[in-house]
Trainee: 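Dumping the structure here so I can ask a few things about it.
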Amino acid sequence: MELILLLIIAIYVMSYRMNNGENVYKFFVSSVSDAYDKYAPYSFREVRQKTKELGREYTVKQYALQVLLIGGFAGIVSYAYFYSIIWTIVYVTAAIAFIPYLAYLRCQKVYSEYIFEQIQIYTTNVIMEFNTTQSFVKSLEGVRDSGILLDPVLSDVRTMIDMSYQNGTIDESIEYFNAKYPFYMVKNMNQLFLQITKEGAKDSGEALENMAMDIDALVEGVYRDQMDRVEFHRKFLMFGGVLFFLVVVMQFLLGKDSYIELLDMWYVQFILHAIIIINCFFLISGEKFYNEDVGVE
């Protein structure tokens, strides 16, 4: 224990000296942030940047609160299981180390919701433009110039227009967009426009009206699913938290002294570690489900 305390003090002193007296907390946060930005995948850096632009990135205070809550919960649980400072430090450190992954999941959710909103704008407005222009490419140009689309969808619409003029057909541009945004509403709508363009249908109003109604139904279903996910997430976290404290109930039934005697048996400790790891895997899997593939239904 003394060795760990000396190590912590040494790290603090070295950070202070390297930083020429600047606030060590700010130095530590900026160092971690710089390392994170350097080694994070490029695709995620884009996602995180868009999250910041939308004003939904956590502040330093919110991240600090998350560290306190998750670290504190891990400390209480691990000490209640093992009555060991060493294991408490190990589990608190491991819990805090997962916070960047939770931030990754959250940014992915925010970005996925943003993309879905942009795709909704794309599909509905292309249909409205087509009713006027009767040309898929001209409809794309109208949506492009309207100022209602934002990047990255706007850039991909520009690419679709360029590909259509270069190839003299909309086939490859539609394949490109479908691959980038594999939403049902995108594939269905683009397939309809492909069919109208190739078959030269003169009266496409009814088909487009039905497509618009289908898109509205899909959007309604996705937003209903998002609300259901929020309710599921709240109940899931409560249930997952309660699972960790079942051992406390066992201590109450056995008595604290008898429980501490059981801790001397290696297989009891193995079982307790397994319980914690399985419960953590359960919680992380639930978090992943809650945050992934928003709007792809």
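Only this structure's heavy atoms are used, side chains among them; waters, hydrogens and symmetry mates stay out. Bear in mind the structure is a predicted one, so any value in this text is a computation, not a measurement.
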Trainee: So Val157 and Leu149, do their side chains get closer than 4.5 Å, heavy atoms only?
Mentor: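 A side-chain contact exists here, since the closest heavy-atom pair is under 4.5 Å.
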Trainee: Is it the case that Asn190 and Asn178 place a side-chain donor and acceptor less than 3.5 Å from each other?
Mentor: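 Result is yes, a qualifying pair exists.
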Trainee: Taking only residues two or more places apart in sequence, or in another chain, which ones meet Asp156 in a side-chain hydrogen bond (donor to acceptor under 3.5 Å, both in side chains)?
Mentor: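 Checked Asp156 against side-chain hydrogen bond (donor to acceptor under 3.5 Å, both in side chains); matches are Tyr176, Lys180, Tyr181.
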Trainee: So which heavy atom on Tyr63 is nearest to which on Ala103, and how close?
Mentor: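 In terms of heavy atoms, the two residues are closest at OH-CB, 3.6 Å.
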Trainee: Can any side-chain N or O of Gln62 pair as donor or acceptor with the backbone N or O of Thr59 at less than 3.5 Å?
Mentor: yes
Trainee: Which distance, rounded to the nearest 0.5 Å, do you find between the CD1 of Ile161 and the CG of Asp145?
Mentor: 7.0 Å
Trainee: Please find the pair of heavy atoms, one from Thr124 and one from Gln120, that lie closest to each other, and give the distance.
Mentor: OG1-O, 2.8 Å
Trainee: Determine whether Phe281 and Phe98 fall in the same hydrophobic cluster, where Ile, Leu, Val, Met, Phe, Trp and Tyr are linked whenever their side-chain heavy atoms lie under 4.5 Å apart.
Mentor: no
Trainee: Go through the structure and list residues passing side-chain hydrogen bond (donor to acceptor under 3.5 Å, both in side chains) with Glu261, not counting sequence neighbours.
Mentor: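 For Glu261, no residue satisfies side-chain hydrogen bond (donor to acceptor under 3.5 Å, both in side chains) once neighbours in sequence are set aside.
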Trainee: Could you label the plane-to-plane angle of the Trp87 and Tyr91 rings as parallel, tilted or perpendicular, counting under 30° as parallel and over 60° as perpendicular?
Mentor: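 If you compare the ring of Trp87 with that of Tyr91, the planes turn out tilted.
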Trainee: Membership question, hydrophobic clusters at under 4.5 Å side-chain separation (ILVMFWY): are Leu69 and Ile284 in the same one?
Mentor: no
Trainee: Does Ser112 use its side chain to pair, donor to acceptor, with the backbone of Lys109 at less than 3.5 Å?
Mentor: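 Answer holds: no.
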Trainee: Within a 6.0 Å radius of atom CZ on Phe239, are there more than 12 heavy atoms belonging to other residues, nucleotides or ligands?
Mentor: no
Trainee: Would you give the length of the straight line joining atom OG of Ser258 to atom CE of Met250, rounded to the nearest 0.5 angstrom?
Mentor: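 Nearest 0.5 Å value for the OG-CE distance: 11.0 Å.
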Trainee: If only atom types and distance count, is the side chain of Tyr111 paired as donor or acceptor with the main-chain N or O of Gln49 below 3.5 Å?
Mentor: no
Trainee: Decide salt bridge (charged side-chain N to carboxylate O under 4.0 Å, His left out) for Arg158 and Asp162; before the verdict, give the C-alpha distance in whole Å, the side-chain angles of both, and the deciding distance to 0.1 Å.
Mentor: CA-CA 6 Å; Arg158 292 193 182 110; Asp162 293 339; over 6 Å; no
Trainee: Side chain of Thr159, backbone of Ser155: donor and acceptor closer than 3.5 Å?
Mentor: yes
Trainee: Measure from the ring center of Tyr290 to the ring center of Phe236 and say whether it is less than 6.0 Å.
Mentor: no
Trainee: Would you call the rings of His273 and Phe82 parallel, tilted or perpendicular, where under 30° means parallel and over 60° means perpendicular?
Mentor: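 The arrangement is parallel - the two ring planes meet at less than 30°.
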Trainee: For Glu57, is there an ion pair with Arg48 - N to carboxylate O distance below 4.0 angstrom?
Mentor: yes
Trainee: Quick check against the 3.5 Å criterion: does Gln269 have a side-chain atom that pairs as donor or acceptor with the backbone of Met265?
Mentor: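 A pair under 3.5 Å: no.
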Trainee: With Arg229 as the cation and Phe289 as the aromatic partner, state whether NZ or CZ is under 6.0 Å from the six-membered ring centre and within 45° of the axis.
Mentor: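 Checked: cation-pi criterion met.
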Trainee: Would you name the heavy atoms of Met211 and Ile127 that are closest together and state the gap between them?
Mentor: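 Closest approach of Met211 to Ile127: CG-CD1, 3.8 Å.
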Trainee: Check whether the side chains of Glu53 and Tyr114 place a donor and an acceptor atom closer than 3.5 Å, and report yes or no.
Mentor: no
Trainee: If hydrophobic clusters are built by linking Ile, Leu, Val, Met, Phe, Trp and Tyr wherever their side-chain heavy atoms come under 4.5 Å apart, do Tyr79 and Ile277 end up in the same one?
Mentor: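 In one cluster: no.
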Trainee: For Val137 and Ser164, which heavy atoms make the closest approach, and how far apart are they?
Mentor: CG2-CB, 3.8 Å
Trainee: Might you point out which heavy atoms bring Leu272 and Val247 nearest each other, and give the distance in Å?
Mentor: CD2-CG2, 4.0 Å
Trainee: Heavy-atom distance under 4.5 Å between the side chains of Cys280 and Ile276, does that happen here?
Mentor: yes
Trainee: Are Phe136 and Tyr165 connected, step by step, through hydrophobic side chains (Ile, Leu, Val, Met, Phe, Trp, Tyr) whose heavy atoms are closer than 4.5 Å?
Mentor: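 Hydrophobic grouping puts Phe136 with Tyr165.
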Trainee: Kindly indicate whether the side chain of Lys235, heavy atoms from C-beta on, has any atom under 4.5 Å from the side chain of Met238.
Mentor: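 Result no, sub-4.5 Å side-chain heavy-atom pair not found.
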Trainee: Does Ile96 share a hydrophobic cluster with Leu68, counting links as ILVMFWY side-chain heavy atoms below 4.5 Å and allowing steps through other members?
Mentor: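 In one cluster: no.
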Trainee: Might you point out which heavy atoms bring Thr88 and Ser84 nearest each other, and give the distance in Å?
Mentor: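 That would be OG1-O, 2.7 Å.
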Trainee: Are the side chain of Gln251 and the backbone N or O of Ala80 linked by a donor-acceptor pair below 3.5 Å?
Mentor: yes
Trainee: Ignoring hydrogens and geometry, is there a side-chain-to-backbone donor-acceptor pair from Gln108 to Asn291 under 3.5 Å?
Mentor: no
Trainee: Check salt bridge (charged side-chain N to carboxylate O under 4.0 Å, His left out) between Glu287 and all other residues, then give those that pass, not counting sequence neighbours.
Mentor: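 Result, salt bridge (charged side-chain N to carboxylate O under 4.0 Å, His left out) vs Glu287: none returned.
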